[in-house]
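The structure under discussion appears below in the form of structure tokens.
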Amino acid sequence: MTGASEYLREALAIAHRAAETQLGAIEVAASLVVDALSDGHRFWVFGTGHSHLIAEELYGRAGGLADVRAVLEPGLMLHEGLTKSSLLERLPGLADVLLEINDIAAGDVVLIASNSGRNAVPVEFALGVRARGAHVIALTSLAHSTAVTSRAPGGQRLFETADVVIDNCGIPGDALIAVDTTPERTGATSTLVGALLVQALTVEIVSRLEKPTILRSLNA
């Protein structure tokens, strides 16, 4: 039987696989962030397209760290148009502009989310971060990224630029369920599993910090 029940079963299986296999990467990533914050450096988050939702999941979130800086470029999000966002995230050189206006410095840590990890902006952003002496945590789908070529001029994919890679364990193309009425699959998993993984990362970071500052819901 296809439909919601199949999606829930299969999506939860991916989430369970990510939880089982990615704990080690989360712990390494948490160590980078804790060391950075403890030494007076900063924790940044960035994503393009739907992956910007992962950045927002960590930014200004109830129960989250107060000291998170998000790079939220409107043209790379979705509210200004799907085509515009898709074209801009493929644009070489745009990452250099974002790095120019965001003062990422040596010792900082930057989490970059990109499901495919193939487009120019997230890849070049990661390379620019590393060139500044900061660390990169990549949240990506290794199955998808290893199945495609890079659109970045240097030919790298995001996972090839990072200090730590957290795999969302999604399938190539992201959408999970095949149905009879269309040749396209439906039911993406990258956002729900990505959110689960970065919340786990947050809890790990908070549990290790000596005096974390945590946001409380304004509606509580």
Side-chain angles (χ1 to χ4, degrees), residues 14 18 21-22 24-26 28-29 32-33 43-55 70-78 80-175 184-185 188-191 193-194 197-198 201:
I14 289 177
T21 62
Q22 299 308 301
I26 289 169
V28 174
L32 288 178
V33 176
F43 180 34
W44 299 76
V45 292
F46 175 59
T48 63
H50 282 92
S51 292
H52 89 268
L53 296 167
I54 302 301
V71 179
L72 300 174
E73 171 55 39
L76 292 170
M77 298 160 77
L78 305 172
E80 293 187 355
L82 296 175
T83 301
K84 179 179 179 180
S85 172
S86 296
L87 292 174
L88 284 179
E89 71 177 347
R90 301 179 186 185
L91 184 63
L94 179 55
D96 293 334
V97 176
L98 299 177
L99 288 163
E100 185 70 25
I101 61 177
N102 292 280
D103 58 339
I104 296 168
D108 290 353
V109 177
V110 185
L111 186 146
I112 302 174
S114 173
N115 188 60
S116 73
R118 71 182 305 203
N119 288 309
V121 170
V123 171
E124 291 186 337
F125 196 84
L127 292 171
V129 165
R130 295 287 297 274
R132 284 161 172 76
H135 296 288
V136 172
I137 302 166
L139 176 62
T140 191
S141 165
L142 286 176
H144 188 138
S145 200
T146 56
V148 296
T149 57
S150 173
R151 292 193 177 111
Q156 303 100 322
R157 292 155 295 184
L158 179 61
F159 74 89
E160 296 169 306
T161 70
D163 296 282
V164 184
V165 177
I166 301 174
D167 183 9
N168 67 27
C169 296
I171 67 171
D174 200 6
E184 303 299 333
R185 288 177 175 264
T189 65
S190 59
T191 301
V193 177
L197 293 170
V198 298
L201 174 62

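Quantities reported herein were computed from a predicted structural model and do not represent experimental measurements.
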Where [X] and [Y] come nearest, the two heavy atoms and their spacing:
X: Ala134; Y: Ile104; answer: CB-CG2, 4.0 Å
X: Ala55; Y: Gly47; answer: CB-N, 4.1 Å
X: Gly49; Y: Ser85; answer: CA-OG, 3.8 Å
X: Asp174; Y: Ser190; answer: OD2-OG, 2.6 Å
X: Leu201; Y: Ile26; answer: CD1-O, 3.6 Å

[Y] and [X], any side-chain heavy atoms less than 4.5 Å apart:
X: Val198; Y: Val45; answer: no
X: His52; Y: Leu76; answer: no
X: Ile137; Y: Val33; answer: yes

Sequence neighbours excluded, which residues qualify as side-chain contact (heavy atoms from CB on, under 4.5 Å) partners of [X]?
X: Ala175; value: Arg185
X: Leu82; value: Leu78
X: Arg118; value: Ser116, Val148, Thr149, Arg151

With a cut-off of 3.5 Å and sequence neighbours excluded, list every side-chain donor-acceptor pair involving residues 160-168.
from: Glu160; atom 1: OE1; to: Arg157; atom 2: N; distance (Å): 2.7
from: Glu160; atom 1: OE1; to: Arg157; atom 2: NE; distance (Å): 3.2
from: Glu160; atom 1: OE2; to: Arg157; atom 2: NH2; distance (Å): 3.1
from: Thr161; atom 1: OG1; to: Leu158; atom 2: O; distance (Å): 2.8
from: Asp163; atom 1: OD2; to: Val136; atom 2: N; distance (Å): 2.7
from: Asp167; atom 1: OD1; to: Leu142; atom 2: N; distance (Å): 3.1
from: Asp167; atom 1: OD1; to: Cys169; atom 2: N; distance (Å): 2.9
from: Asn168; atom 1: OD1; to: Gly170; atom 2: N; distance (Å): 2.9
from: Asn168; atom 1: ND2; to: Asn115; atom 2: OD1; distance (Å): 2.9

**Request:** Mind checking the CD1-OG1 spacing from Ile14 to Thr189? Nearest 0.5 Å is all I need.
**Result:**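 Here the rounded value is 4.0 Å.
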Filter on ring pair (Phe, Tyr, Trp, His ring centres under 6.0 Å), then keep only pairs touching [range], sequence neighbours left out; what's left?
range: residues 82-106; result: none
range: residues 94-113; result: none
range: residues 108-164; result: Phe46-Phe125

**Prompt:** Is it true that a side-chain atom of Glu124 and a backbone atom of Ala152 form a donor plus acceptor pair closer than 3.5 Å?
**Reply:**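 It does not hold such a pair.
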**Prompt:** Which pairs count as side chain to side chain donor-acceptor pair (under 3.5 Å) when at least one residue sits in residues 102-113, sequence neighbours excluded?
**Reply:**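 Residue pairs with at least one partner in residues 102-113: Arg42-Asp103, Arg42-Asp108, Trp44-Asp108.
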**Item:** Pairs meeting criterion side chain to side chain donor-acceptor pair (under 3.5 Å) with involvement of residues 88-98, two or more places apart
**Value:**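 Residue pairs with at least one partner in residues 88-98: Thr48-Glu89, Glu89-Asn119.
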**Message:** For a side chain to side chain contact (heavy atoms under 4.5 Å, CB included) check, start with the C-alpha distance between Phe43 and Leu111, then their side-chain angles and the critical distance, and finish with the verdict.
**Reply:** CA-CA 8 Å; Phe43 180 34; Leu111 186 146; 4.0 Å; yes
**Request:** Under the side-chain hydrogen bond (donor to acceptor under 3.5 Å, both in side chains) rule, collect the residues that match up with Gln156, sequence neighbours excluded.
**Result:**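 Here no residue qualifies.
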